[in-house]
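Just below is one structure, and these are the notes that go with it.
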Amino acid sequence: MVRLLVLLAAWALLTACSLGGGGGSTPEVIEDPNTPREVAHEFLRRWQAQDYQGMYALVSSDVQAQMPQERFVQRYQAIAEEATIVGIDFELLQPQNVESYPYRVTIHTVFFGDIVQENALPLVQEEVARPEGGTKREWRVRWAPSLIFKELDDRTLVHLFIENPKRGTIYDRRGRPLAMDATIPVVGVIPGRVADKDRTATALARALGVPFSQVRPRLDANVPEFYFVEVQRLPHDTPPERLQAFYALADLGVFVKEEVQRVYPNNELAAHVLGFMRKINAEELQQLYPQGYREDDWVGGAGIEAAYQQELAGQKGGILATVTPEGEIAQVIARKAPVPGHDVHLTIDLDVQRAAEEVLGSGPGAVVVMDPRDNSVLALASAPRYNPNDFIRGLSQQEVDRLFNSPQRPTMNRALEGTYPPGSTFKVVTAAAGIENGVVSPTTRLPCPPVWTRFPNFPLRNWQSIDRGPMTPAEGLMASCNPVFYEIAYRLDARDPGLLPDMARGFGFGQPTGIGLPEAAGLVPDPRDPDWKEKAVGDPNPWFSGDSVVLGIGQGYLLVTPIQIANAYAAIARGGELDRPLLVRKITDAQGNVVREFRTEAIGRLPVSQATLDAIREGLRLVTQSPGGTAYAAFSGTGLDAAGKSGTPEAAGGVGPYHGFFVAYAPRTSPTWLTLVFNEGGTQGSVRSTVLARDLLVRLARTPGLVQALPGQ
């Protein structure tokens, strides 16, 4: 009944005009129908209004004696649900005699569209008792199941047989499949053909290479003897000769059948981008039931599989038919061919993704690789990882707990959904805000002592214990000198504590990048709102200058995602234009025709002058290429003309391990690669991230054929 209400709601959305028995006009309500035409019209009008009890009142007494009203109503409701009927229109035709009134009915369905049938209402006159006494002769409908569908009779039922379409393939930028529908071999037994269960289990376990104890219980399945009982699914690329070992066991009741299944040929690779499939939930089923979805159907559960579920899924096909008590199709009422899903082509490069994941290891952490020329994402890695194939196979409760309930949160895409303090990677924003607001210039020199003492009662230390002397903002980036950026943030706060947060938003922080997958917005403070701290983080204290100062080195209340940092640095590398990250290049139909194409979309420009941008880029060059740079030792001798920045933010609350960031682009004057490596927690901070980012850049730069021309070039 709930699904019937859903179908009726769908009909209300599908049409804004009233349905009628005369070409779309509202049919007249006849209070006391007596002529054949009036009875025929009123019976069909009540069907149109889903007034099944009212219809029953017009049915002849002999039919009512055989079919109670409750069963009559239930049959109309059940058929409406099964056939996805959401309404009807009707038209009375010219009768040939008074005992059969012809009509044309247009049955509106969600699944098949309109089903048009011509039929005739059998009419009979009966003596009907008057309320005031006596009787009168009235026309009644001698009802039969064929008045619902012509093909229906007393023995048959209406059933919708669903035919699933091929789900679209997800490709990398070079046309290599990352997720696809594939035919897989399924090994199992037919109980009625198994003479000796122990013997069959022993032979099958040996052929599968699994323990006897894993196979034997399957042979005791409580199913009819002719059922196929699945024992194990084999990989989609299982060679034919491997199957011979199972064909040879046919005498023992072992058989192999083929089944179409969602397959991820690279297993864990790019899992957080692709996502996984899951069984449809109850709420979705209520919405999608009219489109042919059933309880055992699969839908995208995360990643591209979920974000492009509608495009990938295609449209289900099927037939509406009458079925005999023996389960055989008697007659077909309507037919709809399935429409294959569209294919999604990503900007991800399989080779780059593999290199990124190998560098990252088992994590926890993330790697982002982008092409700054068009802001396309070449790799998006997160660890720990999971295998999307496991969801198709079926997860144990222990596996569910590990994936969704453990602190490691393997299903979380850390590159997009993890929020962390950016640490010193944020110093480019502080430098930009200071120069643009005139509290420093590109040539201003600020001290870099071991301890910054503007707040005598709260001295703040540099990460180095030596005095580096006065430094320009660019040199401050080179040495990642905390006191330089404490001082800039302090001066900005004195002028307006909102200036630095404003610049942070101008670099894209505090809002999703628009990559097209679920992502966190992060958190940028709003010191101009006196209640911000209490509303955002539950701190009743007002905004202090100290809050601004620690914000200057990417600590405090500021939270960002790895993709936001990578995107901001891609804008720096590109010359100031801030773009949305491009993850999906195009969508094509089953014939390869482009249905939709995606281009790089600018969302603004970094709010800095060319002089400010030049100073920032010079500082990033000094990081890797000056002997005083924090990453000089790591990049020395690599031959890479790279520029970048590290960050070692403290974990939540400033207690415990440090996170580690390193983001870099190369070649510096015409960047084709941008890499960000993030390590969550640990004791090595940005040291490990710097080495891994360097190794990845070297590997990418020295691999022939990885750099591609931009589309259209």
Between [X] (side chain only) and [Y] (backbone N and O only), is there a donor and an acceptor less than 3.5 Å apart?
X: Asp589; Y: His342; result: no
X: His236; Y: Ala182; result: no
X: Thr513; Y: Pro581; result: no
X: Glu82; Y: Ala78; result: no
X: Glu358; Y: Ala355; result: no

Given [X], which of [options] fulfils the side-chain contact (heavy atoms from CB on, under 4.5 Å) condition?
X: Pro384; options: Glu268, Arg409, Met412, Arg414; result: Arg414
X: Val215; options: Val189, Thr202, Thr200, Val231; result: Val231
X: Pro290; options: Ile85, Thr109, Val110, Val86; result: Val110
X: Val584; options: Thr347, Leu517, Ile304; result: Ile304

Yes or no on salt bridge (Lys or Arg N to Asp or Glu O under 4.0 Å) for Glu163 and Lys336, after CA distance, side-chain angles and deciding distance? CA-CA 9 Å; Glu163 184 177 353; Lys336 176 183 177 182; over 6 Å; no
Once rounded to the nearest 0.5 Å, what's the spacing between atom [atom1] of [X] and atom [atom2] of [Y]?
X: Ser406; Y: Gln398; atom1: OG; atom2: CD; value: 11.5 Å
X: Ile333; Y: Ile319; atom1: CD1; atom2: CD1; value: 9.5 Å
X: Phe598; Y: Ser376; atom1: CZ; atom2: OG; value: 14.5 Å
X: Gln353; Y: His272; atom1: CD; atom2: NE2; value: 10.5 Å
X: Glu417; Y: Ile563; atom1: CD; atom2: CD1; value: 12.0 Å
X: Leu697; Y: Leu692; atom1: CG; atom2: CG; value: 11.5 Å

Between [X] and [Y] (salt bridge meaning N to carboxylate O under 4.0 Å), is one present in this structure?
X: Glu311; Y: Arg167; value: no
X: Arg393; Y: Glu399; value: yes
X: Glu326; Y: Arg155; value: yes
X: Asp351; Y: Arg176; value: yes
X: Arg585; Y: Glu597; value: no
X: Glu295; Y: Lys279; value: no
X: Arg233; Y: Glu230; value: yes
X: Lys316; Y: Asp297; value: yes

Regarding [X] and [Y], is there a side-chain donor-to-acceptor distance under 3.5 Å anywhere?
X: Glu680; Y: Tyr420; value: yes
X: Asn567; Y: Gln564; value: no
X: Gln50; Y: Gln77; value: no
X: His108; Y: Asp114; value: yes
X: Glu259; Y: Thr183; value: no

Any chance [atom1] of [X] has more than 12 other-residue heavy atoms, nucleotides or ligands included, within less than 6.0 Å?
X: Asn405; atom1: CG; value: yes
X: Gln244; atom1: CD; value: yes
X: Gln310; atom1: CD; value: no
X: Lys586; atom1: NZ; value: no
X: Glu70; atom1: CD; value: no

Report the relative orientation of the aromatic rings in His345 and Tyr171; use parallel for angles under 30°, tilted for 30 to 60°, perpendicular for over 60°.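 Aromatic pair His345/Tyr171 classed parallel.
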Quick one: sort the His159 and Phe161 rings into parallel, tilted or perpendicular, breaks at 30° and 60°.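 Perpendicular: the ring planes of His159 and Phe161 meet at over 60°.
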Which heavy atom in Phe228 sits nearest to a heavy atom in Val186, and how many Å separate them?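 So the minimum-distance heavy-atom pair works out to CZ-O, 3.6 Å.
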Does the ring centre of Phe72 sit less than 6.0 Å away from the ring centre of Trp143?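 Yes - the distance between ring centres of Trp143 and Phe72 falls below the 6.0 Å cut-off.
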Ring centers of Phe391, Tyr386 separated by less than 6.0 Å: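 Aromatic pair counts; centres sit under 6.0 Å.
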For a 4.5 angstrom cut-off between non-hydrogen side-chain atoms, does Asp153 reach Ser146?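 With C-beta onward as the side chain, the pair stays apart.
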Under the criterion salt bridge (Lys or Arg N to Asp or Glu O under 4.0 Å), I'd like the reasoning laid out for Arg278 against Glu305: C-alpha separation, chi angles, the key distance, then a yes or no. CA-CA 10 Å; Arg278 60 168 175 78; Glu305 292 279 31; over 6 Å; no
Regarding Arg294 and the six-membered ring of Tyr289, is the cationic atom NZ or CZ under 6.0 Å from the ring centre and inside 45° of its axis?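 Yes; both conditions hold, so Arg294 lies above the ring face of Tyr289.
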